[in-house]
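Lettering follows sequence order; numbering is per chain, from 1.
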Amino acid sequence: MDTTYPKKEKLKSRKLIDQLFAQGKSVSNYPIKLIYLNTELPIDVKIQAGVAVPKKNFKSAVKRNRIKRLLREAYRLNKHLVFNNSEAYFAFLFLYLGKEMPTYPEIEKAMKGVLAGFSKKVDD
RNA sequence: AAAGCAGGCCACUCUAUCGCUUUAUGCUGAACUUGUUUUAGCGCCUUCCGAUUGAGAUGGGUCCCGAAUCAAGUUCGGGGUGAAGAGGAAAGUCCGGACACCACAGUGCGGCAUAGCGGGUAACACCCGUCUCCCGGUGUUACAUCGGGACGGACCAGUGCAACAGAAAGAAUGUACAGGUUAUGCUGUAGUGAAACCAGGUAAACUCUAUGCGGUGAAACGUCAUGUAAAUCGGUGUUUGAGGGCUGCACGUCCGAGCCGAAGGGUAGGCGGUAAGAGCUUUUGGGUAACUGAAAGCCUAGAUAAAUGAUAGGGAGACCCUGAAAUUGUUUCAGGGUAUACAGAAUCCGGCUUAUGGCCUGCUUAUUUA
RNA sequence: GGUCCUGUGGCGCAACUGGAUAGCGCAUCUGACUACGAAUCAGAAGGUUACAAGUUCGAAUCUUGUCAGGAUCA
């Protein structure tokens, strides 16, 4: 089972992110919201994913970093849920919408829910 | 033991599993030429002898896969293995520099900053020493000593300001009483007020003096790549000089055929700059000190929607609760709970300021126990 | 990463070459008017001038430092 999250699988293009916010669809499972878009990627990987935490909810850079790391960790350990069965190419962006500091079990539960919701929508 | 002041130090640690970023996987030769390469030296890793350091000995390793290429030991990508990976404030962006470009940086006005004296420094608004003044403690007649603080030049250059009160806050000399005088002028006291002890006070009022400052900032700058529209409309200009050279204005000087606006089209990526530096540690010379000369050793983050992490378990420390012992406070032991302060590099340094957990040292204060 | 601006009752604003009691409108509360409400009239409450320190006889105003909010730059 692939549990890596190398540089190539990170969403980095500013252009793609703008496009994602403009045209992307979303699945929500509080406190995580996933924005996704079926599109062409510059590098030959199936999914590029990024994470974001609004500065408005968390002023401290340390707390924002902590939440982003938790989100990345949860995605890394659970990405096999969507990686195998999808054939198209996707760009992902995970948003943290809560206003309280989360714990890892909360994040992992929400991440699994969000990924399951995504698989269901794509299959339909 | 507590409080206050001053100074210094540290920034939880270990194990297991999974993961992120950077970097290394070598250098110099000889032979052999299309094959499968062979071999020497140096370096690095590992093994052995040895109580340890050092010296020494011996064998092994210095990789694997794919692509480019005629082919490889070259280049690129992937894997494996090894190494390194946030701070004392990385923060605020308040000062000072390095560095880059603008004409190697011009003139005048304007503007800004600093402000006892001396020193340190690349430089500073920083640091050190010292004088003066202020505050506190101790002794005490003045004064001495200890600790702390100070945006600490100039109102006989000019202009302005001073509410209320007061006769008067200026080119003013009032009122009452006393003294004095032929009389006035004059002298003293009183009341108002922060100031009326006069050619006074006030410059964190304008200003003056001295000194310093060219501007813009890594989104600087260089380079490679991708892509469209060298198109359309309006205005203006080509020696009668538009516009620009990133300064608020003027001058001077240089470049000079385009420039401005409308609507619209495209890109928004890579590399360098950029990690060896006013660097760190130790020893030693100079200096009251800040600081600095010399020698030896060391290499110490480089991300870019932004790495340095996640989970589990133990240990140390802190706080809270319960119980036991001595018991005035309190201390010690055992068990349980909470689960780590402030905070995340973004071109790099020197400071300042602010946030914050703990430990140590010195001084002062009043109290308790022995 | 850089640069600039603003903080005054619940809200929107005054007072700014320092001068004593910080003012105005809306909103709030109480009373009057009305059968009741609105409007109107009368009255009241509400401020550490964002916070801290300094200069001064005296600070919302001047100086310095914090905190918060906002704007802007390829």
Could I get a table of every N or O pair under 3.5 Å where one atom is in the protein and the other is in nucleotides 301-308 of chain B?
from   : atom 1 : to      : atom 2 : distance (Å)
B:U304 : OP1    : A:Lys12 : NZ     : 3.2
B:U304 : OP2    : A:Lys7  : NZ     : 3.0
B:A305 : O2'    : A:Leu11 : O      : 2.8
B:A306 : OP2    : A:Arg72 : NH1    : 2.8
B:A307 : OP1    : A:Arg72 : NH2    : 3.2
B:U308 : OP2    : A:Arg69 : NE     : 2.8
B:U308 : OP2    : A:Arg69 : NH2    : 3.1

Please produce a list of atom pairs where a protein N or O lies less than 3.5 Å from an N or O of nucleotides 66-69 of chain C.
from  : atom 1 : to      : atom 2 : distance (Å)
C:G69 : OP1    : A:Lys59 : NZ     : 3.0

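Following rounding to the nearest Å, A:Leu70 (CG) and B:G344 (P) show an atom-to-atom distance of 17 Å. Atom P of nucleotide B:U340 and atom CE of A:Met101 are separated by 11 Å, given to the nearest angstrom. A:Arg76 places its CZ atom 10 Å from the P atom of B:C18, with the value rounded to the nearest Å. Atom pair A:Leu77:CG and B:U17:P shows a separation of 16 Å (rounding to whole Å applied). Between the CD atom of A:Glu9 and the P atom of B:C20 there is a distance of 9 Å, rounded to whole Å. Whole-Å rounding puts the A:Tyr104 OH to B:G19 C1' distance at 11 Å. Here B:A310 presents its C1' atom at 12 Å from CG of A:Asn78, a figure rounded to the nearest Å. Distance A:Arg64 CZ to B:A91 C1': 13 Å, rounded to the nearest Å.
Taking CG of A:Leu70 as the reference point, atom CE of A:Met111 lies at 10.0 Å (rounded to 0.5 Å). To the nearest 0.5 angstrom, A:Ser26 atom OG is 6.0 Å from A:Lys121 atom NZ.
Within the shown strands, B:U322 is the pairing partner of B:A334 under the Watson-Crick or G-U definition, both distances less than 3.5 Å. Across all strands shown, B:C76 forms a Watson-Crick or G-U wobble pair with B:G66, both key distances being under 3.5 Å. Within the shown strands, B:C280 is the pairing partner of B:G297 under the Watson-Crick or G-U definition, both distances less than 3.5 Å. For C:G69, the paired nucleotide is C:C5, the pair qualifying as Watson-Crick or G-U wobble because both relevant distances are below 3.5 Å. Of the nucleotides present, B:C177 is the one that pairs with B:G188 by Watson-Crick or G-U wobble criteria, both distances under 3.5 Å. Pair assignment for B:G111 gives B:C213, based on Watson-Crick or G-U wobble hydrogen-bonding distances that are each under 3.5 Å. Nucleotide B:U304 has no partner under the Watson-Crick or G-U criteria, as no pair reaches both atom distances under 3.5 Å. Partner assigned to B:C27 is B:G41, using Watson-Crick or G-U wobble distances below 3.5 angstrom.
If you take atom P in B:U282 and the same atom in B:G26, they sit 38 Å apart, rounded to whole Å. When the C1' atom is compared between B:G350 and B:G137, the two are found 38 Å apart, to the nearest whole Å. For the P atom pair drawn from B:C124 and B:C251, the interatomic distance equals 36 Å after rounding to whole Å. As rounded to the nearest Å, B:A366 and B:G7 have C1' atoms that lie 25 Å from one another. Rounded to the nearest Å, the gap between the P atom of B:C76 and that of B:U247 is 46 Å. Taking atom C1' on both B:G35 and B:G85, the two are 46 Å apart, rounded to the nearest angstrom. Going from the P atom of B:C65 to that of B:A72 covers 12 Å, rounded to whole Å. When the C1' atom is used for both C:G47 and C:U28, the distance is 16 Å, rounded to whole Å.
Between A:Arg66 and the phosphate of B:A343, there is no side-chain N or O to OP1/OP2 separation shorter than 4.0 Å. Here A:Ser60 reaches the OP1 or OP2 of B:G344: one of its side-chain N or O atoms lies under 4.0 Å away.
Under the 3.5 Å distance criterion, the side-chain polar atoms of A:Tyr5 are matched with a main-chain donor or acceptor of A:Ala49. The main-chain N or O of A:Pro6 is never found under 3.5 Å from a side-chain atom of A:Thr4 such that the two would form a donor-acceptor pair. Between the side chain of A:Arg64 and the backbone N or O of A:Phe58 there is at least one donor-acceptor pair closer than 3.5 Å.
Nearest heavy atom pair, residue A:Glu73 against residue A:Arg76, reads OE2-NH2, 2.7 Å. Contact between A:Ala91 and A:Leu11 at its shortest, heavy atoms only, is CB-CD1, 4.2 Å.
Taking a cutoff of 4.0 Å between a charged side-chain nitrogen and a carboxylate oxygen, A:Lys109 and A:Glu106 do not qualify as a salt bridge.
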Show the numbers, then the answer: is there a side-chain contact (heavy atoms from CB on, under 4.5 Å) between A:Tyr96 and A:Ile107?
CA-CA 9 Å; A:Tyr96 184 80; A:Ile107 290 277; 3.9 Å; yes
Criterion side-chain contact (heavy atoms from CB on, under 4.5 Å) on A:Phe90 and A:Leu37, from CA distance to verdict: CA-CA 6 Å; A:Phe90 282 98; A:Leu37 182 67; over 6 Å; no
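Syn is the glycosidic conformation of B:G88, whose angle stays within 90° of 0. B:A324 adopts an anti glycosidic conformation, its chi angle falling more than 90° from 0. Annotated as syn: B:G170, whose glycosidic dihedral is within 90° of 0. For B:U367, the base is anti relative to its sugar; the glycosidic angle deviates from 0 by more than 90°.
The aromatic rings of A:Phe92 and A:Phe94 stand perpendicular to each other, their planes meeting at an angle above 60°, with 30° marking the opposite boundary.
Side-chain contact between A:Val114 and A:Tyr75 is absent, with no heavy atoms from C-beta onward closer than 4.5 Å.
Comparing A:Ala61 and A:Glu73 by the nucleotide of RNA chain B whose heavy atom lies nearest to each, the residue mapping closer to the 5' end is A:Glu73.
Of the candidate nucleotides B:U21, B:A310, B:G344, B:U21 has the atom nearest to the side chain of A:Pro6.
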